[in-house]
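Below, each value reflects all heavy atoms present in this structure, side chains not excepted, and no hydrogens, waters or symmetry copies.
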Amino acid sequence: ICYHKDFSNQLINQSIKQLSRRGKYIIIHLEKGFLIIHLRMEGKFFIQNLHDTQSKHTRASLYFDQYRLDYNDTRKFGRLDYTFDLDAYFKEFMEFFYPEIAQQIDWRAPYETLDNELQSITTDAMIGKTFVDKLVKVKSLQGREEVVLIHIEVQGQKEEEFSKRLFQYYCKLFSKYDQSILTLAVLTDSHQSWHPSNYQKEVFGFSVLTFNFKTHKLLDYQDKKPVLALSSNPFAIVVLVHLIFLETKKDPKARFLMKLRLTRLLYDKGCGRDYVINLLKVIDWALVIPKDLELEYKEQLHELEEENNMC
């Protein structure tokens with residue numbers, strides 16, 4: 001279970017908008033953010049009356065108006081975590097990864113997320129193979145409404161059909177909206193040389209189609225870590241976390257030290273409370289360390305919170 005005490009506070013009075021699944025993860029879509037669940041070996045959910053006695057194996061309880069949902073796990077291998085929604089950080093996302101585009105967006109006008117419409121174009125046959133996370137409508141400084149399709153490749157592996165899949169999404173979205181659509185991709189894979197940027201088709205040697213999209217590869221930031229550490233943009237920390245994850249896969253002690261160093265960095269920056277808490281969730285989710293080191297990390301984190309009056 002996510003250790004931070006604000007885990008519970010983030011869920012209070014939130015409504016569930018949708019349930020989905022990505023691989024073995026159960027994703028509960030809330031009004032603000034997501035509750036992400038992995039049952040691991042023996043995790044189970046039980047619907048109980050509000051005043052029923054909890055089992056000794058109950059690790060978390062979600063209270064609703066008329067019932068309670070208990071999460072039981074005899075071996076404590078499962079994970080429940082809350083993570084923030086990209087909606088609240090869309091401007092920072094664009095400014096970090098695509099600053100040249102961010103400069104052309106009118107941020108004074110509210111932007112609109114179209115996630116429900118995005119889900120409507122996903123067919124059953126494509127479930128499990130689609131990774132489009134966000135569809136956002138923005139207004140340009142010229143006053144035009146543009147639809148921005150943000151595609152985040154979360155599998156972390158090279159896929160030959162990646163460009164084709166993006167093109168298929170583009171076609172469906174263009175047919176639905178008949179507006180300009182810009183497709184953006186953030187790649188988290190470990191293949192240094194894989195940089196897809198278009199989808200092309202030829203017939204008898206004649207080019208009949210070229211679909212272009214913009215990509216950002218997190219591995220390209222390997223030599224920019226000092227700059228990332230100094231940045232005030234939250235996605236600089238997200239990229240740092242990802243790079244540390246790749247570098248410390250087989251060295252838990254090194255991961256612990258880097259996780260602690262990264263956490264101290266957040267506090268040293270003097271960032272706001274919500275900013276720190278949200279990024280701590282990203283760090284804790286991505287940089288999993290052995291139980292003994294996790295206990296030491298929690299002790300260090302508690303000391304940092306006391307020092308910075310964030311308890």
Please round to the nearest 0.5 Å and tell me the distance separating atom [atom1] of [X] and atom [atom2] of [Y].
X	Y	atom1	atom2	answer
Ile101	Leu182	CD1	CG	4.5 Å
Leu209	Tyr199	CG	OH	7.0 Å
Met94	Leu184	CE	CG	5.0 Å
Cys171	Leu166	SG	CG	11.0 Å
Leu218	Leu246	CG	CG	8.5 Å
Lys56	Arg59	NZ	CZ	9.5 Å

Original post:
Is there a side chain to side chain donor-acceptor pair (under 3.5 Å) between Ser207 and Gln200 once you walk through the steps?
Top reply: CA-CA 8 Å; Ser207 177; Gln200 298 180 332; 6.0 Å; no
Beyond-backbone contact of [X] with [Y], side-chain heavy atoms, under 4.5 angstrom:
X	Y	answer
Lys259	Ile289	yes
Gln222	Leu243	yes
Arg264	Gln300	yes
Lys253	Leu293	yes
Leu50	Phe64	no
Asp189	Glu159	no
Thr183	Phe167	no
Phe235	Leu228	no

Polar side-chain atom of [X] near backbone of [Y] as donor-acceptor pair, under 3.5 Å:
X	Y	answer
Thr248	Ala254	no
Asp106	Lys139	no
Ser55	His57	yes
Lys217	Gln192	no
His242	Thr188	yes

Could you tell me whether [X] atom [atom1] has more than 12 heavy atoms of other residues or ligands within 6.0 Å of it?
X	atom1	value
Gln66	CD	no
Tyr67	OH	no
Phe206	CZ	no

Original post:
Would Asp73 and Leu39 count as a side chain to side chain contact (heavy atoms under 4.5 Å, CB included) if you check the C-alpha gap in whole Å, the side-chain angles of each, and the deciding distance to 0.1 Å?
Top reply: CA-CA 8 Å; Asp73 191 347; Leu39 301 177; over 6 Å; no
Subject >> Full working for side chain to side chain contact (heavy atoms under 4.5 Å, CB included) between Leu265 and Leu262 >> reply: CA-CA 5 Å; Leu265 178 64; Leu262 200 55; 4.2 Å; yes
If hydrophobic clusters are built by linking Ile, Leu, Val, Met, Phe, Trp and Tyr wherever their side-chain heavy atoms come under 4.5 Å apart, do [X] and [Y] end up in the same one?
X	Y	value
Tyr71	Leu69	yes
Phe46	Ile28	no
Tyr63	Ile37	no
Ile47	Leu19	yes
Val136	Leu141	no

Original post:
When the ring planes of Tyr170 and Phe174 are compared, do they come out parallel, tilted or perpendicular, using 30° and 60° as the limits?
Top reply: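 Parallel, since the angle between the ring planes stays under 30°.
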Original post:
Should the ring pair His216 and Tyr98 be called parallel, tilted or perpendicular, given that the plane angle runs from 0 to 90° and is split at 30 and 60?
Top reply: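 Perpendicular.
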**OP:** Run the numbers on Lys298 and Glu303 for salt bridge (charged side-chain N to carboxylate O under 4.0 Å, His left out), then give the verdict.
**Re:** CA-CA 9 Å; Lys298 291 177 184 178; Glu303 292 179 7; over 6 Å; no
**OP:** For Ser61 and Thr58, work out which heavy atoms get closest and say how close.
**Re:**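 Closest approach of Ser61 to Thr58, heavy atoms only: OG-CG2, 3.6 Å.
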Subject >> Shortest non-hydrogen contact from Pro196 toward Phe213 >> reply: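 That closest heavy-atom pairing would be O-CE1, 3.4 Å.
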Original post:
Can the positive tip of Lys224 be found less than 6.0 Å from the middle of the six-membered ring of Tyr221, inside 45° of the ring normal?
Top reply: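 Flagged: Lys224 positioned over aromatic ring of Tyr221.
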Subject >> Row check, Tyr111 ring normal vs Lys137 NZ/CZ: under 6.0 Å, within 45° >> reply: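 Judged by the rule, Lys137 and Tyr111 form no cation-pi pair.
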**OP:** Using a strict cut-off of less than 4.0 Å between a Lys/Arg side-chain nitrogen and an Asp/Glu carboxylate oxygen, indicate whether Glu247 and Arg255 qualify as a salt bridge.
**Re:**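 Looking at Arg255 together with Glu247, the answer is no, because their closest N to O distance does not fall below 4.0 Å.
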Original post:
When you look at Leu240 and Met258, which way does the side chain to side chain contact (heavy atoms under 4.5 Å, CB included) test go after all the steps?
Top reply: CA-CA 10 Å; Leu240 266 178; Met258 291 301 293; over 6 Å; no
Subject >> By salt bridge (Lys or Arg N to Asp or Glu O under 4.0 Å) - contacts of Asp70 (at least two apart) >> reply: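 Partners of Asp70 under the salt bridge (Lys or Arg N to Asp or Glu O under 4.0 Å) test: Arg68.
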**OP:** Only counting residues at least two apart or in another chain, list the ones meeting salt bridge (Lys or Arg N to Asp or Glu O under 4.0 Å) with Glu296.
**Re:**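 With neighbours one apart ignored, the set is empty.
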Original post:
Is the distance between the ring centroids of Tyr297 and Phe256 under 6.0 Å?
Top reply: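 Centroid distance Tyr297-Phe256: not below 6.0 Å, so no.
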**OP:** For side chain to side chain donor-acceptor pair (under 3.5 Å), just list the numbers for Glu42 and Thr74, CA-CA rounded to whole Å, side-chain angles, deciding distance to a tenth of an Å, and then say yes or no.
**Re:** CA-CA 7 Å; Glu42 297 189 14; Thr74 56; 2.3 Å; yes
**OP:** Decide yes or no on side chain to side chain contact (heavy atoms under 4.5 Å, CB included) for Leu62 and Leu35, but give the supporting numbers first.
**Re:** CA-CA 11 Å; Leu62 303 178; Leu35 182 61; 4.0 Å; yes
